[in-house]
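Here is how names work: the chains are called A, B, and so on, in the same order as the sequence lines, proteins then strands, and each is numbered from 1. Just so it is clear, the model here is predicted, and its values are computed rather than measured.
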Amino acid sequence: MSDATTPELDDIKDARDVNITKLDYARAILKDKVTLVAVLFLAALVIFTAGANFLAPHPPTGLNFLDSLLPPLSRGANGEFYLLGTDELGRDMFSRLIYGARVSVSVGVIGALVSGIVGVFTGLTAGYKGGLYEDIVMRLVDGMLSLPSLLVALFVLFVLGGGFVNLILVFSILHWMVFARLSRGLALEARSSTYVKAAKALGATDMRIIFYHILPNVIPPILVLLTLEIATLILSEASLSFLGFGVQPPDPSWGLMIADGREHIRSAWWLVAFPGIAIFLTALSLNLVANWLRAVTDPVQRWRWFAKG
Amino acid sequence: MAYVIKRICNSLLILFITISFVFIAGRLIGDPALNMLGSGASDLAINNLREAAGLNDPLFVQYVRYIGGILTGDFGVSYRYGYSVLPSENLSEIAQPVLDIVLERIPATFALAGAALSVAVPLGIFMGVTAAANPRSAADRIVTVLSLAGVSVVQFWLGLMLIVLFAVQLGWLPTGGYGGFSYVILPALTLAARPIGRIAQVTRSAVIQELSKPYIVTARAKGVPEFKVVYVHALKNASIPIVTMIGDELSALLTGAILVEKVFAWPGVGLLIIDSLSRSDLPLIQASIAVVAALVVTVNLLVDFSYRLLNPSIRLGHTGA
Amino acid sequence: MIHGLKGRLLSGAVMFATVGMASTAVAQTPEGKLVIAINQEPQDLGAQGIYKEVNATGLRNVLEGLIAIDPATGEMIPVLATAWERVDGSTLRMTIREGVTFHDGSPLDAAAVATSINWVWSPENAFTIQEYAGPGVITAEAIDAMTIEVTSSEPDPLLEFRMTLGGVSSAVQLAEAPERHFDTPIGTGPYVFDEWQRGQYWSADVNPDWWGLTADDAYGTTTPDFAELQLVFRTENAARVAMVQSGEAQMAMFPSSSECDRAADENAYDCVTGPSTTYLYGRLDHSLHADPILQDPRIREAVFLGLDIKGLVGLIGLASVPQGQLGTKEAIGFNEDLSPYPYDPERAMALLAEAKADGVDISSLNIEIVGRDSTPRISTIVQAMGAMLQGVGIGNEVRVQTPQEFNPRVRIGGYANEPNRQMMQIHVKQNPSGDYGLLLLSNFACPEIDDPTGPARSSVYCDADFDAALEAAMGLYGDERDAAMQALVKAIHDRHLTVPLALLDRGYLVESGIEFTFGTDHRIQAVYINKVD
């Protein structure tokens, strides 16, 4: 038992010393079947989202009363094949899911990126500069983190109205703090490191040190957080859309598809089940990948993935 | 001590800002009287309400009056809940204070959050310890995927699926509503999915960390049974991060309950918030947000303090990473 | 997707049939609990609320009105008033029913009724019932022990109708504890209010001393079959349906059409449906602050012809195709000669081509089809309409907005700030008044920017001739009024101002062994919910 949890010190040293290449990451991922599946799922999601116009078998809009509410794996009046069935307007569920991914995934990704950029910038500068600026930033961060974010989001969207842009705005306002807190901690650590001291001695400006020297060194944990945040935001989007304060029709977001489909939950289960599963798999994959990223970039744990033999 | 006071002041400040923000933002969406009364309202009704609610005063006067009221525990009265439109002269006599309406709903929300936690804590800890005791085993992998699944599922979707399965198809449990034990099972399970996952993850990593420490090696060498090593020694020493996570999740539960209450028609604060939003009952919206925010901020503050109490080695003055 | 009328509608014939049957049957002792899952929690249970069933569903079981309208025939039926007569154009004399007591034991007499009417219609109280207040201020006065006179400050041809709207509640309560009026209704009805658990339900117990047990001129001979009544609030459609499926409720309001279809295969419950007076319609911007292209009659006609109304009705499920106007057959002003706007894509495209040949820039057509998110299934409806118009080559975008965004945009005060719109607003509206006057005034009279809360604030149409004709018609009575209104209804039909999309049916899931009888007003009255073998 204890052998597995407490690696030999040499192993760890080996792993730390080893020059890890991209190839090693690829090998490491191949070793972990679950993460591999998650990565493949996300890759497929990205491909389908980007190439929706070519890859979706049917248009996501339109009207075809003849093929309304067909169950999965059925054929339409004109012989079209519907993998995941159709909705009440006779639109192909699979194609709707692909187009829906565009909305849901981009809300998650853009929201996480915007809040990430804001949060990392404020966090790194606060951690590096310290003083009153840091104090004010961290007070704001602590305060905002202690607020019930879903509730505040609900209220702001009630005032502003839902929609793609407002949703991203709200997410950025309510999620930058997690990035700021993490980045500040990382900047604090880096401030006393030798490479920062060296850069300082060479006369680099603060901004140069923060963005040329510290930032590249703190990317891995931020990347992990970004992945987790994308998952969180995709889930939040679904919840807000369900309550009627998120994306507005006709944008076919996954959350909205569930909300619209619940009218038919018993007679046409596929309308609710598939978008729910899509959100679940996407969030799960992102979480798995984040978990893996955290492990392989953690100096204490990474030996497991790169140790030879 | 200075830290404690600083944190409390900070929290009060944040609450004040939130309440002010909600008040001002609420006025930006146009005439509150018109919003409240809807499109069918007559000129007279709208004017009466404006007059009664003091909406004709300058915004600043209204704001000062509102904040002043809150300091004395008066969040105002609901213009809609209980009354279609109020008679202007006896408004204060017969209107229901919004704070009462909100407080009336608090026990239901607490009951739901408590039920969810009482499922999530034992189950999450059990899963986490099991995984930690057998790292990289099949059990560990299953726990990892399950706990990530718990945080990846859309709550309201899970609720809908559980209703269809257990209430409608099997008929074992009620579809929703408020009542005895059977009513709380499905909403509590739905709400517990996420904390189960989070607690299992934290427990797993904390126990793994403890298990690698020298005292465990000594205990094992002395022949202490493995069960006792894991569940008594390691778990006990791993309790700080676990307790912190439980506190974190409690405040998440209080807001997460909004969706679950909606799906299961559970008459808590969450359902009240959704109803008051759909009726544009501004005073009720303001009060319920203020109350929930105060609760969550308080829980977070207590968690923060207990964390520091449990773990004196943390440097006070900065929040731990 | 056309549903048969599996339930029974309350019609004159059926009522007499029920009377005949009941006289031979022994009245059952009320027992058991009737749980009804309803779609929203009432805002209050005040007496004014009974004028619309949606305000306080089921409140008519506790509070009764003076007069009821038979939804099938439009005839007025005596309830708490046994007779009424006109004194003059603005005064109505009503005789109050003898031997009725309120649930608090106080007697129903002229003084109590007058107090109640004055409370409900008081401009000072400004209850929402004022939307039906008519031209004047309504007051009442007891002239002897059992007779009152109701007066409007202006001549009012619809005063009798207005007396069908409000409920009568205990005058003792209004005097002693007015604040209880809103959450503890005390009426004269077959059920006595018990409690209101906020966020959950309200309940009532059967009234053993109900006057209706011994009088059959108001309700027939039907009597309550259930000892307790509980109205459970469930806003989620699927949740209400699930309650009946799992046996938690005996009845659920408004299941989706697909749930209604499924009920046919179930033994435990049935779906009962019937037409209502509720319409779904689209209002297309006309000349006020609108893109001038919408004043081209060819464009307007093309838009209307491009909508497959039958298809939409099928999509909505529980609905029928309206006869080209927003009112029921019984209403004064209903024009029997009109027909629904046909679905004719070829003609629509031909009209567009014709307009284009005349130099109209068809490519600038981009109709914004907007619904309010509180309308059930609005997202599906607007998306289907968008696809239909796209099919005939009319550019459009669809949108669903919250009431905060939507409401200002449909009133003159708001849309005056939105120049050159091409908006098609989708509304759901009920017209229970039995008369086209108010409907024509609020939808088509010229709105005044100086009076942004006036009665015509939602209109997007302005035509002085129409307004003059409407004003003349509003002053008429009887057949003259009917003929004048009919002419106006035809005029707006020909100008393609609003497109009636569906006359909504309403459905209920009802446990097997229970029969629910209702009319187009869809009142949930427990005396019409009966156990059958």
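In this structure, chain C has a heavy atom under 4.5 Å from the side chain of A:Ile265, while its backbone stays farther away. With a 4.5 angstrom heavy-atom cutoff, C:Glu397 does not touch chain A via any of its atoms.
Between A:Phe158 and A:Phe155, the ring planes are tilted. Angles from 30° to 60° get that label.
With respect to chain C, the highest number of heavy-atom pairs below 4.5 Å among A:Leu89, A:Leu69, A:Asp260 belongs to A:Leu89. With chain A as partner, the option from C:Glu405, C:Glu236, C:Arg262 having the largest number of non-hydrogen pairs under 4.5 angstrom is C:Arg262. Top candidate by heavy-atom pairs under 4.5 Å with chain A, chosen from C:Gln390, C:Met388, C:Arg399, is C:Met388.
Judged purely by atom type and a 3.5 angstrom limit, A:Arg262 uses its side chain to pair as donor or acceptor with the backbone of A:Ala259.
If you take OG1 on C:Thr380 and CD1 on C:Ile316, they are separated by 9.5 Å, rounding to the nearest 0.5 Å.
With ring centers used as reference points, C:His522 lies 6.0 Å or more from C:Phe254.
For the pair C:Glu368 and C:Arg409, the salt-bridge criterion is met [side-chain N within less than 4.0 Å of a carboxylate O].
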